[in-house]
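We number each residue from 1, following the sequence as shown.
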Amino acid sequence: MNKLINMIKGNCPHCQQGKVFTHRQFYHPTRFSDMHEKCAHCGGSFLPEPGFYVGAMYVSYALAIPVAFLLAMGLYYGAGVSDVSAMVAMIVGIVLFTPINFRLSRLIWLYLFGTAKKYQEKPTINMSKDQSYSSSHQAN
């Protein structure tokens, strides 16, 4: 639950303290996409590889469609507006939701797949034990 709250706040997925986005305001019409390259607190990368955030488009789609659907159906069935008015309201709703959707989809993608690179280290081999093992088998 704490990780979910930190994700919504826009905190680093590695240390849960640094900020992912440069602008603190969650809904900003023009600066919503400005991101730091690395965490100021732990140094974890927010851009693990080129094209990393392409998959965030699927998350963005999964977030936008229910909002648009609920808005259009609520207006059409609840308020009794016409088809065209419900469609226009749905498009306007998606456009207005874009800054929030962009940030949330990138944060969700980063929390799902961006944390693996930070702690993915090669196992260390203790050479003294490894050498003694290989030398004992060579003698046989």
(message) Hydrophobic clusters here meaning ILVMFWY residues chained together by side-chain heavy-atom distances under 4.5 Å, can you tell me if Leu71 and Leu96 are in one?
(response) no
(message) According to a hydrophobic-cluster definition based on side-chain heavy atoms being under 4.5 Å apart (Ile, Leu, Val, Met, Phe, Trp, Tyr only), do Val88 and Val67 belong together?
(response) yes
(request) Give the cluster check for Val84 versus Met73: same hydrophobic cluster or not, with ILVMFWY residues linked at side-chain heavy-atom distances below 4.5 Å. (result) no
(request) Looking only at non-hydrogen atoms, find the nearest pair between Ser105 and Ser60 and report the distance. (result) CB-N, 3.6 Å
(message) As a test of understanding, state which of Glu37, Lys19, His36, Arg106 forms a side chain to side chain contact (heavy atoms under 4.5 Å, CB included) with Phe46.
(response) His36
(message) When you group the ILVMFWY residues by side-chain heavy-atom contacts below 4.5 Å and let the links chain together, are Leu63 and Ile100 in the same group?
(response) yes
(request) Would you list the pairs meeting ring-ring contact (aromatic ring centres under 6.0 Å, His included) in which at least one residue belongs to residues 60-94, sequence neighbours left out? (result) none
(message) Please report the interatomic distance CG(Leu104) to OH(Tyr111), rounded to the nearest 0.5 Å.
(response) 11.5 Å
(request) Hey, could you give me the CG/CD1 distance between Asn101 and Ile65, rounded to the nearest 0.5 Å? (result) 9.5 Å
(message) Rounded to the nearest 0.5 Å, what separates atom CZ in Phe52 from atom CG in Leu110?
(response) 5.5 Å
(request) With rounding to the nearest 0.5 Å, note down the distance linking SG in Cys12 to CG in Leu107. (result) 10.5 Å
(request) Give the minimum heavy-atom separation between Ala68 and Ile94, together with the two atoms involved. (result) CB-CD1, 3.6 Å
(message) To check you understand the geometry: which heavy-atom pair defines the closest contact between His14 and Cys42, and what is its length?
(response) CB-SG, 3.8 Å
(message) For Met35, is the CE atom crowded, meaning more than 12 foreign heavy atoms sit under 6.0 Å from it?
(response) yes
(request) Return yes if a side-chain donor-acceptor contact under 3.5 Å exists between Gln16 and Asn6, otherwise no. (result) yes
(message) Would you compute the distance between atom CD1 of Ile108 and atom CZ of Arg103 and round it to the nearest 0.5 angstrom?
(response) 14.0 Å
(request) To the nearest 0.5 angstrom, please state how far the CD1 atom of Ile8 sits from the NZ atom of Lys3. (result) 14.0 Å
